[in-house]
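Right, one structure below, let's go through it.
Chain letters run A, B, ... following the sequence lines, proteins first, then strands; residues in each count from 1.
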Amino acid sequence: MLKQFSDLGIHESFQQSLSDLSISKPTDVQEKTIPVVLNKKEDLVVLAKTGTGKTAAFGLPLLQLTDTNEVNIQTLILAPTRELGQQIFTNLHALAAENPEIKIASICGGTPIKPQIELLKDPTQIVVATPGRLVDLLKREVINLNHLKHFVLDEADEMITALKVEVDYIIKVIPKNRRTFLFTATMPGTIKQLIQNYMSKHVIQIEANMETTGHQDIDHQYVVVEPIEKLDVLLHFLNSRAGKRGIIFCKTKAAVNKLAKNLAINKFSSGALHGSLSQGIRDRIMGQFREGHIDILVATDLAARGIDVKELSYVVNYHLPDTYEAYVHRSGRTARAGAKGLSLTILQEEEVIDIADFENELGITFKIFKKADAQSIEENNTLLWAKKIFKTKPNREVSEDLKSQIKTIFHHLTKEELVDKILAHYLTENTTVLPKETVSKKRKKH
DNA sequence: AAAAAAT
């Protein structure tokens with residue numbers, strides 16, 4: 001249990017970059033996987049929970065196995081989204097910081113293809129790719145995978161279902177005698193049977209910490225809301241988590257846009273991410289989120305898998321995920337590398353019945369999140385309104401004369417009296433009707 | 001039905 005990377009066969013040359021990345025000891029999945037990859041024999045199927053270091057588990061040994069005298073592509077890593085592909089590329093680059101002779105390229109879509117084609121003319125040993133763009137390059141015959149030795153499918157269950165057509169095309173053009181490595185946190189039974197189609201050698205299965213079901217560091221909670229109070233409950237939750245960071249998942253791109261707009265109006269530090277945005281915008285939002293310039297990411301399932309952002313303390317399911325796997329991946333954006341995190345699911349009455357299925361299927365237990373009462377929600381909305389005033393910038397010129405007339409009106413008030421006046425005005429303008437008990441009782445009969 | 005992935 002006190003294994004070091006050197007005990008697993010990782011060379012001295014990676015020690016510096018590992019310590020620069022504050023990686024000191026191998027995780028369970030790394031300890032089990034690295035020696036088997038380094039032995040140059042079998043194919044691998046690796047199951048390990050979210051946030052346990054799968055990228056380095058294949059990245060480190062495959063970097064080390066790279067023959068730097070060989071100019072052809074030896075290792076291909078496929079990921080389901082461009083953001084994840086870029087993240088894997090960045091991580092490999094950092095792991096190879098002391099080994100600059102290893103040439104790594106990222107070939108994801110959404111960026112001009114010409115520069116990529118030019119780049120591929122240089123010696124390249126490791127390629128991280130999304131399937132669509134790679135197939136495009138293969139059809140143009142501008143990438144050579146004839147010397148491929150290692151083929152990695154990250155998020156393997158997703159790759160061989162949602163992206164099956166592209167992956168199958170790629171499988172056909174790469175050497176039969178390659179080694180194949182499948183990595184995932186979820187492997188539904190229906191997918192298990194498909195695995196053999198992708199393997200070419202004897203397969204070793206590795207399961208790291210999968211014996212206890214559910215992720216021990218994630219606090220699963222749900223709250224039942226009426227449709228009209230859903231947004232208010234979310235806003236109250238976000239205000240209670242001020243300064244903390246997290247991701248809010250919605251079912252559709254339209255819902256992401258709508259919610260992100262609403263958060264922006266309420267002056268939350270937030271951004272939207274989904275597949276209909278230009279790659280430029282996607283990259284900018286991801287960058288801002290990773291750097292901590294944005295606290296809240298509102299996203300579709302584009303961000304559900306693999307994305308590793310530091311210090312996310314919560315995930316919110318603003319809509320229920322479609323599958324149990326999607327729940328595992330979404331909630332797995334928090335509680336990474338040993339940290340704790342909250343996964344909050346906001347439900348409507350008719351969806352509560354699904355909770356038991358999630359519990360049984362995933363071996364987790366939900367706690368009930370205590371919904372803010374009507375008064376706290378109203379107070380919270382008043383606070384949001386005050387924050388809005390504070391953060392609003394003038395959008396046109398105001399004459400000095402008008403300004404001085406208005407100043408005269410308030411001139412004799414103290415700061416406290418001024419606040420009272422503004423608040424009194426707000427409260428008369430917003431005569432919020434608190435939800436009546438009778439209303440909710442009536443609804444429950446259905 | 002929706003999400004992702006090529007232009």
Check your understanding: Which of these nucleotides, dA6(B), dA5(B), dA2(B), is closest to any side-chain atom of Thr81(A)?
Key -> dA5(B)
**Study point:** Asp301(A) side chain to His329(A) side chain, donor-acceptor N/O pair below 3.5 angstrom
**Key:** no
Practice item. Determine the sole option in Ile364(A), Asp322(A), Leu320(A) for which the side chain to side chain contact (heavy atoms under 4.5 Å, CB included) test with Tyr327(A) is passed. Key: Ile364(A)
Practice item. Could you state the atom-to-atom distance from CG of Leu84(A) to C1' of dA5(B) in whole Å? Key: 13 Å
Check your understanding: Rounded to the nearest Å, what distance is computed from the CG atom of residue Asp136(A) to the C1' atom of nucleotide dA6(B)?
Key -> 5 Å
Check your understanding: Which of these passes side chain to side chain contact (heavy atoms under 4.5 Å, CB included) with Arg179(A): Val152(A), Leu148(A), Thr75(A), Leu65(A)?
Key -> Leu65(A)
Practice item. Give the intermediate values and the outcome of salt bridge (Lys or Arg N to Asp or Glu O under 4.0 Å) for residues Lys41(A) and Asp43(A). Key: CA-CA 7 Å; Lys41(A) 291 194 187 93; Asp43(A) 282 356; over 6 Å; no
Practice item. Name the nucleic acid region contacted by Arg305(A), choosing base, sugar-phosphate or nothing; use a 4.0 angstrom heavy-atom cut-off, strictly under. Key: nothing
Review point. Between atom CG of Leu84(A) and atom CD of Glu155(A), what is the distance when rounded to the nearest 0.5 Å?
Key: 6.0 Å
Revision key, fill the gap. Of the listed dA2(B), dA6(B), dA5(B), the closest approach to the Glu83(A) side chain comes from dA5(B)
Review point. When all nucleic acid strands are considered with a 4.0 Å heavy-atom cut-off, which category describes Leu302(A): base, sugar-phosphate, or nothing?
Key: sugar-phosphate
Check your understanding: Are OP1 or OP2 of dA6(B) and a side-chain N or O of Thr130(A) less than 4.0 angstrom apart?
Key -> yes
Point to revise | Protein-nucleotide distance (Arg282(A), atom CZ; dA3(B), atom P), rounded to Å | key: 13 Å
Check your understanding: Would you say a side-chain N or O of Lys253(A) is under 4.0 Å from OP1 or OP2 of dA4(B)?
Key -> yes
Practice item. Calculate the interatomic distance between Leu273(A) atom CG and dA3(B) atom P; express it in whole Å. Key: 13 Å
Study note, to complete from the structure: When rounded to whole Å, the CG to P distance for the pair Leu134(A) and dA4(B) reads 20 Å
Point to revise | Spacing between Asp154(A) atom CG and dA5(B) atom C1', to the nearest angstrom | key: 16 Å
Exercise for review: Answer yes or no: does a side-chain N or O of Thr300(A) lie under 4.0 Å from OP1 or OP2 of dA2(B)?
Suggested key: no
Practice item. Ignoring the backbone of Lys251(A), work out which of dA4(B), dA1(B), dA5(B) is nearest its side chain. Key: dA1(B)
Point to revise | Nucleotide nearest Arg82(A) when distance is taken to its side chain, options dA2(B), dA5(B), dA4(B) | key: dA5(B)
**Study point:** Rounded distance (Å) that lies between atom P of dA1(B) and atom NE2 of His319(A)
**Key:** 18 Å
Practice item. Rounded to the nearest angstrom, tell me the gap between atom CG in Leu320(A) and atom C1' in dA3(B). Key: 16 Å
